[in-house]
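Since we're looking at a predicted model, the values are computed, not measured.
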Amino acid sequence: MGQPVREYLLTLCVTVAVTYLLTGPVRKFAIMAGAMPEIRARDVHREPTPRLGGIAMFGGLCAGLLVAAYLPNLKPVFETSNEPRALLSGAGLIWLLGVLDDKWGVDALVKLGGQMIAAGVMVLQGLTILWLPVPGIGTVALTPMQGTLLTVALVVITINAVNFVDGLDGLASGMVCLAAAAFFLYAYRLWYGHNVEAAAPATLFAAVLVGMCLGFLPHNMHPARIFMGDSGSMLIGLVLAAGAISITGQVDPDLLGSFTGSEKATVQATVPVYIPLLLPLTIIAVPVADLLLAVVRRTWNGQSPFAADRGHLHHRLLEIGHSHSRAVLIMYFWSALIAFGTVAYSVNSEAGGRILLVIVALSAVGLVLLLMPRFTPRAPRWAERLVPPRYRRRGTPPAAVPAAPEDREDAGRDAREPVPAGLHGATAIGDRSRFRAVRDLGRR
């Protein structure tokens with residue numbers, strides 16, 4: 001057991017290192033190439049920020065698969081299965097489409113067609129759903145047409161769900177990282193615990209996906225130096241879908257029955273087989289809920305369901321008083337709760353009642369954190385001079401509470417002319433006057 005884990009960790013570390021080291025040069029390239037779209041009314045960031053972060057993530061994916069191909073315990077995955085090549089082919093197409101969209105913009109229907117083509121390429125190389133475990137019925141074999149349609153639908157839905165949730169700095173990469181980590185635990189247990197060799201490719205895909213997200217996340221946390229763009233969000237969405245398709249389509253539930261001695265044990269053992277049908281929903285659950293609320297809200301207000309606005313979940317978290325980082329952490333919490341809660345039930349379904357109670361308790365904690373700005377405590381009037389302004393009563397006259405020196409310094413800094421994002425992105429801190437000479441030099 002120890003040797004495969006060490007090889008997966010090595011693959012993960014290589015993917016993290018390559019993605020992290022490539023992101024800096026990619027950021028400079030994106031600035032030089034002009035891949036910095038103008039700020040839209042619904043955007044949260046205040047300065048144009050370079051995109052094309054998906055280039056570094058694709059480099060990490062290639063490096064992780066290349067290293068894994070030469071490791072003793074992971075090399076058989078490439079020799080006995082064509083799924084890694086299928087993943088790389090589909091990922092290359094979707095990545096190229098995303099790069100074109102980040103730089104020049106691509107029509108929505110063209111992107112949808114490209115996503116379907118990428119999924120079709122994976123199907124042609126064997127990464128497809130062959131059968132489907134249906135609770136209460138058993139294993140249902142699918143015709144080639146049914147398997148192709150279901151595979152393409154799952155890929156397209158997952159890609160667009162990840163793309164939809166990419167609205168705050170570090171949000172999409174962090175949520176996908178949590179979902180991939182939970183998926184890795186599930187897939188590794190299915191492969192090693194039940195000796196199902198067909199689960200090995202999905203385990204590798206999950207490990208590489210975690211490395212891609214972890215390597216990019218330090219550059220993408222608030223304030224973000226670079227965005228992953230569609231080249232990154234569609235890429236990680238495709239890798240996440242590929243892992244789910246690999247297990248759902250290749251692992252035969254009847255294999256698990258041979259390792260158990262009773263009908264009850266067989267039912268308990270087959271619980272993990274149904275998880276691929278549910279686990280992708282852990283990353284889709286938040287954006288799909290946001291999508292449904294957006295459609296209802298826009299239709300109720302007499303607008304088109306496709307009209308852009310600032311009413312998404314992350315916008316509302318900011319409006320009720322959460323900081324940018326706290327809003328992201330709250331969405332991390334809910335994603336991790338759903339993903340790891342699902343995996344925990346698959347590991348020990350007999351303790352489902354206790355697991356459910358833990359999930360309910362953690363959900364209550366999450367609701368308290370979610371509503372915390374609504375219950376901001378207020379200091380008594382005699383202590384208002386000693387606490388930050390957000391804890392003072394609103395009726396306090398401005399003259400009664402003199403501004404602190406650091407407040408005056410921040411106000412003076414905000415009043416200055418903003419610096420072009422091409423010089424520092426969105427992460428410059430400190431005196432900005434030193435960039436004026438650079439701007440003047442650039443105008444000559």
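- Rounding to the nearest 0.5 Å places CD1 of Ile338 at 11.0 Å from CG of Leu178.
- Across every non-hydrogen atom of Asn82 and Gln125, the tightest pair is ND2-O, 3.0 Å.
- With Ser246 contributing its side chain and Ala242 its backbone, the two residues share no donor-acceptor pair below 3.5 Å.
- Taking the side chain as every heavy atom from C-beta outward, Leu22 and Ile55 never approach each other to under 4.5 Å.
- With hydrogens and angles ignored, the 3.5 Å screen pairs no side-chain donor or acceptor of Glu83 with any backbone N or O of Pro201.
- Ring pair Phe205/Phe184: centre-to-centre distance not below 6.0 Å.
- Within the 4.5 Å cutoff, side-chain heavy atoms of Met122 are placed close to those of Val155.
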Audit row: Val208, Val239, side-chain contact (heavy atoms from CB on, under 4.5 Å) steps and yes/no: CA-CA 9 Å; Val208 173; Val239 178; 5.8 Å; no
Trace of the side-chain contact (heavy atoms from CB on, under 4.5 Å) decision for Phe216 with Ile236: CA-CA 11 Å; Phe216 183 74; Ile236 61 178; over 6 Å; no
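- Annotation: side chain of Glu197 is not in contact with side chain of Thr80 (no heavy-atom distance under 4.5 Å).
- A donor-acceptor pair under 3.5 Å is absent between the side-chain atoms of Asp101 and the main chain of Asp230, judged by distance alone.
- Across all their heavy atoms, His219 and Tyr20 have their closest contact at NE2-O, 3.2 Å.
- A donor-acceptor distance shorter than 3.5 angstrom exists from the side chain of Asn160 to the backbone of Val156, with no hydrogens or angles considered.
- Surrounding CZ of Phe333 are more than 12 heavy atoms belonging to other residues, nucleotides or ligands, all under 6.0 Å away.
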Audit row: Arg27, Ile31, side-chain contact (heavy atoms from CB on, under 4.5 Å) steps and yes/no: CA-CA 6 Å; Arg27 177 180 178 274; Ile31 294 174; 3.9 Å; yes
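- Leu235 CG to Leu96 CG: the interatomic distance, rounded to the nearest 0.5 Å, is 12.0 Å.
- Once rounded to the nearest 0.5 Å, the distance linking CG of Leu150 with CD1 of Ile129 reads 4.0 Å.
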Test side chain to side chain donor-acceptor pair (under 3.5 Å) applied to Ser233 and Asp166, step by step: CA-CA 7 Å; Ser233 62; Asp166 187 20; 4.7 Å; no
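- Judged by distance alone, the side chain of Arg85 and the main-chain N or O of Phe78 form a donor-acceptor pair under 3.5 Å.
- Taking each heavy atom of Trp191 and Ala199 in turn, the nearest pair found is CB-CB, 3.8 Å.
- Using a 4.5 Å cut-off on side-chain heavy atoms (C-beta onward), Pro50 and Phe29 make no contact.
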Check against side-chain contact (heavy atoms from CB on, under 4.5 Å), Leu93 and Ser89: CA-CA 7 Å; Leu93 289 176; Ser89 301; 6.0 Å; no
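- Of the inter-residue distances, the one linking Leu171 atom CG with Ile330 atom CD1 reads 11.5 Å to the nearest 0.5 angstrom.
- Taking the side chain as every heavy atom from C-beta outward, Leu204 and Leu65 approach each other to under 4.5 Å.
- Distance CH2/Trp334 to CG/Leu329: 14.5 Å, rounded to 0.5 Å.
- Residues Leu238 and Leu87 form a side-chain contact, since some pair of their non-hydrogen atoms from C-beta on lies under 4.5 Å apart.
- Heavy-atom minimum distance, Ala91 versus Leu61: CB-CD2, 3.7 Å.
- Put simply, the side chain of Met234 does not reach to within 4.5 Å of the side chain of Val162, judged on heavy atoms.
- One distance of note links CG of Leu130 with CD1 of Ile245; it measures 11.0 Å at 0.5 Å rounding.
- For the residue pair Ala202 and Gly243, the shortest heavy atom distance occurs at CB-O, 3.5 Å.
- Within the 3.5 Å criterion, the main-chain N or O of Ile226 finds a donor-acceptor partner in the side chain of Asn220.
- Across Met228 and Ala172, no two heavy atoms sit closer than the pair CE-CB, 4.4 Å.
- In this structure, Val5 and Tyr188 have side chains that are in contact, with non-hydrogen atoms separated by less than 4.5 Å.
- Under a 3.5 Å cut-off, the side chain of Asp169 and the backbone N or O of Pro223 do not form any donor-acceptor pair.
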